[in-house]
A.B. asks: 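Handing you this structure, nothing more for now.
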Amino acid sequence: MLHRITGRATKCGPSAISAIAGIPTHEAARLIRELFDRQFVNGVFMDELAAALAELGWKPDYALHHRNLRKRRHARRQTTYNTIFADVPCDVRSLTIGRVLNLHPSGTWAIATSNHFIAYSDGFVADSGAWFSRKPKSWSHEDPDHVRVARRKLQEAVRFVRTS
């Protein structure tokens, strides 16, 4: 289940963390700054998002990567990424957001595409307000606002499970 995104930070990475873990966005940004010794959080990579969620009791258990986008950097620190995702099963396929979300996959997902993160869980999506609402909204391929997002290439999608 996604939480309503709250907090002062408006970037998509902290917003995805807020939606998944239920903490304010400024707390998520503070956590990323502390974990990675960063002065500002203007954008995050999947390794940073996964490390922050791990601190909050969430771990990745499955990942999807787009076949044609494998050469892009998915991590700020590749060693951190390799450590976090070492035992996570992964599929490499050419997918769009719509092809994945129209299947209504189970679980809680952080989805990266076009330098933007969205959170998805059990039929609901949320993000920083750039594409969707900060309040979780039901995903529907018939919704005109969702159609334009559905065609975007999925760069990486990671399913997270609660550990505690």
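Quick note: numbers below take in every heavy atom, side chains included, and nothing from hydrogens, waters or symmetry partners.
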A.B. asks: Hey, could you give me each pair passing ring-ring contact (aromatic ring centres under 6.0 Å, His included) that has a residue in residues 4-26? Not counting sequence neighbours.
C.D. replies: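 Listed once each, the pairs would be none.
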A.B. asks: Verify the neighbour count for atom CZ of Arg99: are there more than 12 heavy atoms of other residues, nucleotides or ligands below 6.0 Å?
C.D. replies: no
A.B. asks: Going by the rule salt bridge (charged side-chain N to carboxylate O under 4.0 Å, His left out), which residues pair with Arg93 if we only count those two or more places apart in sequence or in a different chain?
C.D. replies: none
A.B. asks: For Thr80, enumerate each residue passing the side-chain hydrogen bond (donor to acceptor under 3.5 Å, both in side chains) test, keeping only those at least two apart in sequence or located in another chain.
C.D. replies: none
A.B. asks: I'd like to check Val100 versus Tyr120 (side-chain heavy atoms, cut-off strictly below 4.5 Å). Are they in contact?
C.D. replies: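 No, every pair of side-chain atoms sits at 4.5 Å or beyond.
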A.B. asks: Evaluate Arg33 against Val41 for side-chain contact (heavy atoms from CB on, under 4.5 Å), listing each step before the verdict.
C.D. replies: CA-CA 7 Å; Arg33 287 193 309 271; Val41 177; 3.5 Å; yes
A.B. asks: With the side chain counted from C-beta on, respond yes when Cys12 and Asp127 share a heavy-atom pair under 4.5 Å apart, and no when they do not.
C.D. replies: no
A.B. asks: For Phe85, what residues pass the ring-ring contact (aromatic ring centres under 6.0 Å, His included) criterion, not counting sequence neighbours?
C.D. replies: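 Once residues adjacent in sequence are excluded, the partners of Phe85 under the ring-ring contact (aromatic ring centres under 6.0 Å, His included) criterion are Tyr81.
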A.B. asks: Mind checking side-chain hydrogen bond (donor to acceptor under 3.5 Å, both in side chains) for Arg38 and listing every partner two or more places apart, or none if nothing turns up?
C.D. replies: Glu48
A.B. asks: Are Leu31 and Leu56 packed together at the side-chain level, in the sense that at least one heavy-atom pair is separated by less than 4.5 angstrom?
C.D. replies: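 Leu31 vs Leu56: side chains touch.
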A.B. asks: How close do Ala119 and Ala19 get, heavy atom to heavy atom, and via which atoms?
C.D. replies: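 Reported closest heavy-atom pair: CB-CB, 3.8 Å.
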A.B. asks: Asp122 and Ser106: which non-hydrogen atoms are nearest, and at how many Å?
C.D. replies: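 It is OD1-CA, 3.9 Å.
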A.B. asks: For a quick test of reading the model, state the closest non-hydrogen atom pair linking Thr25 to Pro14 and the distance between them.
C.D. replies: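 That closest heavy-atom pairing would be O-CB, 3.6 Å.
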A.B. asks: Which residues satisfy the side-chain contact (heavy atoms from CB on, under 4.5 Å) test with Thr83, sequence neighbours excluded?
C.D. replies: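 Not a single residue meets the side-chain contact (heavy atoms from CB on, under 4.5 Å) criterion with Thr83.
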A.B. asks: Which value, rounded to the nearest 0.5 Å, describes the distance between Asn102 atom CG and His104 atom NE2?
C.D. replies: 6.5 Å
A.B. asks: Quick one: list whatever passes side-chain contact (heavy atoms from CB on, under 4.5 Å) with Ala54, sequence neighbours left out.
C.D. replies: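 Residues passing side-chain contact (heavy atoms from CB on, under 4.5 Å) with Ala54: none at all.
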A.B. asks: Between CD1 of Ile20 and CD1 of Ile23, what distance do you get to the nearest 0.5 Å?
C.D. replies: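 If we round to the nearest 0.5 Å, Ile20:CD1 and Ile23:CD1 are 10.5 Å apart.
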A.B. asks: Between Thr96 and Arg152 (side chain of the first, backbone of the second, donor and acceptor by atom type, cut-off under 3.5 Å), is there such a pair?
C.D. replies: no
A.B. asks: Can you list every side-chain hydrogen bond (donor to acceptor under 3.5 Å, both in side chains) pair that touches residues 50-63, not counting sequence neighbours?
C.D. replies: Asp61-Arg159, Tyr62-Asp91
A.B. asks: If you compare all heavy atoms of Lys137 against all heavy atoms of Asp145, which two are closest, and at what distance to 0.1 Å?
C.D. replies: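 Lys137 and Asp145 have their closest heavy atoms at NZ-OD2, 4.1 Å.
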A.B. asks: Which residue pairs pass the side-chain hydrogen bond (donor to acceptor under 3.5 Å, both in side chains) test with at least one member in residues 4-15, sequence neighbours excluded?
C.D. replies: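 For residues 4-15: none.
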A.B. asks: List in chain and number order the residues that pass side-chain hydrogen bond (donor to acceptor under 3.5 Å, both in side chains) with Thr113, two or more places apart in sequence or in another chain; answer none if no residue qualifies.
C.D. replies: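 None.
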A.B. asks: What pairs meet the ring-ring contact (aromatic ring centres under 6.0 Å, His included) rule with one or both residues in residues 140-164, with sequence neighbours excluded?
C.D. replies: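 Found Phe132-His146, Trp139-His146.
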A.B. asks: Does anything in residues 13-22 form a salt bridge (Lys or Arg N to Asp or Glu O under 4.0 Å)? List the pairs, not counting sequence neighbours.
C.D. replies: none
A.B. asks: Check whether Leu101 and Val147 end up in the same hydrophobic cluster, where Ile, Leu, Val, Met, Phe, Trp and Tyr are linked by side-chain heavy atoms less than 4.5 Å apart.
C.D. replies: no
A.B. asks: Do the non-hydrogen side-chain atoms of Ser128 and His116 ever get within less than 4.5 Å of each other?
C.D. replies: yes
A.B. asks: Go through the steps to decide whether Val125 and Ile111 satisfy the test side-chain contact (heavy atoms from CB on, under 4.5 Å), and finish with yes or no.
C.D. replies: CA-CA 10 Å; Val125 290; Ile111 300 171; over 6 Å; no
A.B. asks: Show your working on side-chain contact (heavy atoms from CB on, under 4.5 Å) between Glu156 and Phe117 and close with a plain yes or no.
C.D. replies: CA-CA 10 Å; Glu156 184 174 28; Phe117 277 100; over 6 Å; no
A.B. asks: Would you say Val44 and Leu35 are hydrophobically clustered, going by side-chain heavy atoms of ILVMFWY under 4.5 Å?
C.D. replies: yes
A.B. asks: I need the minimum non-hydrogen distance between Gly13 and Leu49, along with the two atoms involved.
C.D. replies: O-CD1, 3.8 Å
A.B. asks: Working to the nearest 0.5 Å, report the span between CD1 of Ile32 and CG of Asp37.
C.D. replies: 13.5 Å
A.B. asks: Which atoms form the tightest heavy-atom contact between Pro60 and Val158, and what is the distance?
C.D. replies: CB-CG1, 3.5 Å
